[in-house]
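FYI, the numbering just counts along the sequence from 1.
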Amino acid sequence: MRISGVRVFDGERVLPNQDVAIDDGVITRVTAAVAGSADVDGRGRTLLPGLFDAHVHLAPQPEAALRQLAESGVTTALDMFSGGEPLAHMLQLRQADPAHLAALRTAGTGATAPGNMLEKLAGHPLPTVHSPAVADAWVDERLHEGADFIKIVYDVREGGPLDLATVRALVDAAHARGVLAVAHTIAEPRAREAIAAGVDGLAHLFIGDSVDEDFGQFAADHGVFVVPTLIVLRGLCGHRPHEDLQADRRLADRVNRGRPPIPIRPADPSRNHLYAAAITALRQLAAAGVPVLAGTDTGLPTAALGVFGYGATLHAELELLVEAGLSPIQALVAATSAPARAFRLTDRGRIRPGMRADLVLVNGDPTQDIRDTRNLVAVWKRGACLKLAESGN
């Protein structure tokens with residue numbers, strides 16, 4: 001297959017008027033356009049690497065979630081906390097990697113302290129971590145059940161948080177086994193402690209009235225990546241993101257199909273000011289060169305905040321990243337090459353020969369107007385084209 005005359009964002013830079021050839025699920029050639037017949041006319045369009053959502057929760061229906069992600073141009077999803085039967089199903093889907101579903105990697109069950117609120121939300125016992133002494137065994141159990149990386153929930157929760165010594169022990173255990181460790185934090189002090197303990201990345205930024213002026217450089221000095229999840233932080237700060245998503249005809253159908261049968265909390269403008277810390281911290285991170293990864297925290301745990309509609313939320317997150325100060329190209333990097341690099345997925349996230357043909361074709365130019373990622377024309381997963389209900393705009 002050949003896509004001709006298309007603007008290419010290759011994961012790092014823009015290449016105008018290119019021909020891209022695909023064979024047997026792999027990109028074989030990216031060259032200046034030449035005259036001749038082609039399978040897909042790319043004129044006036046932009047070809048992107050398949051997008052990542054670097055923070056989702058796929059339970060309780062992972063297959064439906066992965067289908068909706070793929071149809072939205074998200075060809076790889078990083079699940080940040082799942083267990084029980086949904087995890088077993090996810091692992092089967094990860095192994096099969098069917099063309100009509102987003103590929104996935106998962107943390108499996110996250111590390112929590114006994115009595116943690118998440119255990120109550122899950123409705124069943126979780127394999128918790130009560131001390132540094134059990135960290136090695138706990139990590140071994142997660143890897144044995146199929147986890148690709150380790151998620152550590154380090155925050156003040158009902159029943160008490162993990163203690164810092166246990167966080168350090170979990171990080172050391174993960175690194176000793178060659179896997180990444182990421183941390184959930186929603187407050188700057190906890191984020192700093194987790195970074196100092198050696199985590200590879202933060203699964204969220206945090207909220208508050210302000211942030212210390214050296215946070216970005218502190219993160220850079222420790223070599224971490226950060227998944228800001230601005231859309232869910234806005235939800236925590238009283239906004240209701242689903243209202244904006246439903247107002248965009250390109251996204252509304254996916255949002256409405258993905259709406260869970262739970263009540264949405266009313267908007268609370270009195271909390272809006274707490275979003276300031278997230279914006280300031282993100283700008284510091286960008287200035288310090290810290291890798292920023294696009295992720296949304298979409299899933300049942302955040303639906304009451306108005307964060308639902310797999311895939312649609314990722315397009316909204318890209319817009320929020322730009323509103324916060326990133327350029328459109330920086331936002332696209334955050335959804336393509338940056339998460340591929342951070343999570344060591346060396347076969348995707350770029351458009352170049354030898355890479356998986358996970359691709360998204362859109363009308364317009366999202367390197368100038370990030371909202372053009374919503375103008376989906378086609379999505380390819382390993383070279384197989386997904387037929388979209390929306391055929392372009």
Side-chain angles (χ1 to χ4, degrees), residues 54-59 78-84 86-88 90-91 94 104-206 218-219 221-227 229 293 295 297 301 342-345:
H55 189 146
V56 293
H57 297 279
L58 298 172
L78 304 180
D79 175 79
M80 286 288 170
F81 199 128
S82 291
L87 176 59
M90 267 189 271
L91 296 175
R94 182 190 64 185
L104 75 112
R105 298 294 186 272
T106 181
T109 305
T112 59
N116 191 280
M117 186 175 72
L118 293 177
E119 190 168 24
K120 297 180 180 180
L121 290 174
H124 56 78
L126 296 175
T128 56
V129 191
H130 61 76
S131 74
V134 302
D136 283 284
W138 189 92
V139 169
D140 284 337
E141 289 173 4
R142 303 289 72 72
L143 298 180
H144 178 72
E145 74 182 4
D148 298 293
F149 52 93
I150 299 300
K151 166 80 173 291
I152 301 168
V153 180
Y154 184 49
D155 210 344
V156 177
R157 296 279 181 178
E158 183 180 347
L162 292 169
D163 63 81
L164 189 55
T166 300
V167 173
R168 291 194 186 100
L170 288 165
V171 171
D172 290 344
H175 290 170
R177 290 152 180 80
V179 297
L180 300 173
V182 300
H184 162 106
T185 61
I186 300 294
E188 182 183 356
R190 293 281 173 179
R192 286 178 175 269
E193 290 170 356
I195 290 171
V199 298
D200 299 283
L202 297 180
H204 298 282
L205 266 178
F206 40 78
F218 177 80
D221 291 343
H222 286 81
V224 299
F225 59 81
V226 176
V227 190
T229 65
L293 281 52
D297 203 9
F343 281 86
R344 305 169 181 170
L345 298 174

| query | When you look at L170 and L162, which way does the side chain to side chain contact (heavy atoms under 4.5 Å, CB included) test go after all the steps? | reply | CA-CA 10 Å; L170 288 165; L162 292 169; 4.2 Å; yes
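Side-chain atoms of V167 and E193, non-hydrogen and from C-beta on, never get closer than 4.5 Å to each other. Using a 4.5 Å heavy-atom cutoff, the side chains of H55 and H204 are in contact. Using a 4.5 Å cut-off on side-chain heavy atoms (C-beta onward), I150 and R177 make no contact. Counting only heavy atoms from C-beta outward, the side chains of T109 and E141 never approach each other to under 4.5 Å. Side-chain contact between L202 and I195 is present, with at least one heavy-atom pair separated by less than 4.5 Å. Using a 4.5 Å heavy-atom threshold, the side chains of V179 and R142 count as separate. Taking 4.5 Å as the limit, every side-chain heavy atom of T106 sits out of range of all side-chain heavy atoms of L58.
Relative to the ring axis of F218, R192 places its NZ or CZ within 45° and under 6.0 Å from the centre.
Note that CG of L78 and CG of L345 are 7.0 Å apart. Values are rounded to the nearest 0.5 Å. Interatomic distance, Y154 OH to D163 CG, rounded to the nearest 0.5 Å: 8.0 Å. Taken to the nearest 0.5 Å, the CD1 atom of I152 stands 11.5 Å off from the OG1 atom of T112.
Nearest heavy atom pair, residue L180 against residue A342, reads CD1-O, 3.2 Å. Listed here is the closest heavy atom pair of R344 and G178: NH1-O, 3.0 Å. When all heavy atoms of A113 and T128 are compared, the closest pair comes out as O-CG2, 3.7 Å. Pairing each heavy atom of A197 with each of V171, the nearest pair is O-CG1, 3.7 Å. Counting all heavy atoms, side chain and backbone alike, F149 lies closest to M80 at CE1-SD, 3.6 Å. In terms of heavy atoms, A107 sits closest to A147 at O-CB, 3.4 Å.
Ring planes of F343 and F225: tilted class, angle from 30 to 60°. Ring pair H57/F81 is tilted by interplanar angle, where 30° to 60° counts as tilted.
When atom types are taken as modelled, the side chain of D200 and the backbone of A181 share a donor-acceptor pair closer than 3.5 angstrom.
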